[in-house]
Amino acid sequence: MEQAFVFVGLLVCLLCLLKCVRLSQYLLLSFWKVLPRSFLRSMGQWAVITGAGDGIGKAYAFEALGNRHHGIGCKIGLSILNSDLANLGAECLRMLDSRTNYLHLDVMDGHFVPNITFGHPVVESLRKQLGQDPFFDMHMMASRPEQWVKPMAVAGANQYTFHLEAIENPGALIKDIRENGMKVGLTIKPGTTVEYLAPWANQIDMALVMTVEPGFGSQKFMEDMMPKVHWLRTQFPTLDIEVDGGVGPDTVQKCAEAGAVPS
Ligand SMILES: O=C(CO)[C@@H](O)[C@H](O)COP(=O)(O)O
C-alpha cells in the first residue's frame, strides 16, 4: 500500500514538472523578444554557411539539400555577400523564401580584411524591410569589433561573431555582446590554431571555422580545415559549429562528416 502511494506521488511530481517545462518554454517564446521565435524553436541545431558564390540559385539548391532527407539536418545560413547588393532587400527576401534558416551578413572594414562591405546602417535598413523575425548572423571581419557591438545591436543584429585574431580580451567583448542582447560567435582564420578557441568555447554560442581566407566570396573550400571542425565537435559536443567559405552542394557533406552536425 505504501509503495502504491509513493508511486502515485512520483507520477504527480513528474506531471507537474512536465507542465512547468512547457509553461517556461511558452513564456520564453512569448516574452523573450531578443531572438525570433523561429530561431528559438530551432536552437541547438548546427549551422553551415554558404555564400551565393555560385549564384543564389545554386545556394538555394544547397539550402534545399541541407533541409531535405539527405541526413545532413543542419541549419543553412545564406551569406548575402555575393548577392546583388544594389537590391539587397529583395535578395534577402528571395533567400528567406528559399527557407534559409538565417541570414549571414559579412561586415568587412577594409582593415582586418582587404575588402569593404557594409555597416550597421545597412543592417538597420534590412531589419526595417524584413521585419523582426529573420535571424541576422553578423560576421564581423573588423579590426576593432568592440567598436560596433552597440550600433549592431541597435540596428537589429541577433548574433555577433568576431575574430579571435582581432581582439586582446575576448572575455570582455563576449560580456559586452551579451549585455547588448545578442548571441556570441567566435571565429578563426584558416591560419589560426583551433585550440586557441578552447578557453572561450564554454562562454560562446557558436564557433565559426573559416574554410576560406576571410574577405571575399566565391573562393575554393579549404578541406584541410575539417580537422578543426572535428576537434571542436569532439571537445565541445553541444557547441554550435558554423563552417563558412566555399560551402555548397559539393562540400557540405564534408562539413557534416567532420562534425558540423552532431553524430
Ligand atoms: O566571410 C566570408 C568571406 O570572407 C563568407 O561568408 C563568404 O561570404 C562565403 O561565400 P562563399 O565562399 O560561400 O561564396
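Numbers for residues simply follow the sequence, beginning at 1. Bear in mind the structure is a predicted one, so any value in this text is a computation, not a measurement. As the structure lists them, so they are numbered: ligands from 1, and atoms in each ligand from 1.
Atoms of ligand 1 found under 4.0 Å from any heavy atom of M108 (numbered from 1 in listed order, with element): 4 (O). Those atoms of ligand 1 with a heavy atom of S218 less than 4.0 angstrom away are 11 (P), 12 (O), 14 (O). Near G217, meaning under 4.0 Å from any of its heavy atoms, are these atoms of ligand 1: 10 (O), 14 (O). Counting atoms of ligand 1 from 1 in the listed order, those under 4.0 Å from a heavy atom of H104 are 6 (O). Atoms of ligand 1 lying under 4.0 Å from at least one heavy atom of D244, given by number and element, are 1 (O), 2 (C), 5 (C), 6 (O), 7 (C), 9 (C). In summary, the atoms of ligand 1 found under 4.0 Å from a heavy atom of G215, numbered by their order in the structure, are 3 (C), 4 (O). If you number the atoms of ligand 1 from 1 as listed, the ones under 4.0 Å from a heavy atom of G245 come out as 12 (O). Atom numbering of ligand 1 starts at 1 in the shown order; those under 4.0 Å from a heavy atom of F216 are 3 (C), 4 (O).
For the pair K189 and F112, the cation-pi criterion (under 6.0 Å, within 45° of the ring axis) is fulfilled.
In summary, the side chains of T161 and H139 do not present any donor paired with an acceptor at a separation below 3.5 Å, with no hydrogens or angles considered. Counting only N and O atoms by type, the side chains of D106 and T117 include no donor and acceptor under 3.5 Å apart.
Looking at ligand 1, you won't find any N or O of L81 less than 3.5 Å from one of its N or O atoms. Residue contacts with ligand 1: M141 is placed with no nitrogen or oxygen under 3.5 Å of a nitrogen or oxygen of the ligand (distance criterion only). Below 3.5 Å of separation, one finds an N or O of H139 facing an N or O of ligand 1.
With sequence neighbours excluded, no residue satisfies ring-ring contact (aromatic ring centres under 6.0 Å, His included) with F216. Residues that satisfy the side chain to side chain contact (heavy atoms under 4.5 Å, CB included) test with L130, not counting sequence neighbours, are C92, L93, L96, L103, L126, P134, F136.
In summary, of the residues considered (D109, I167, D176, V107), a side chain to side chain contact (heavy atoms under 4.5 Å, CB included) with P145 occurs for I167 alone.
Between R178 and D205 there is a salt bridge, since at least one side-chain N of the basic residue sits less than 4.0 Å from a carboxylate O of the acidic one. Ion pairing between E124 and R127 fails under the 4.0 Å rule for side-chain N and carboxylate O.
Contact annotation for V113 and ligand 1: no heavy atom of the residue comes within less than 4.0 Å of the ligand.
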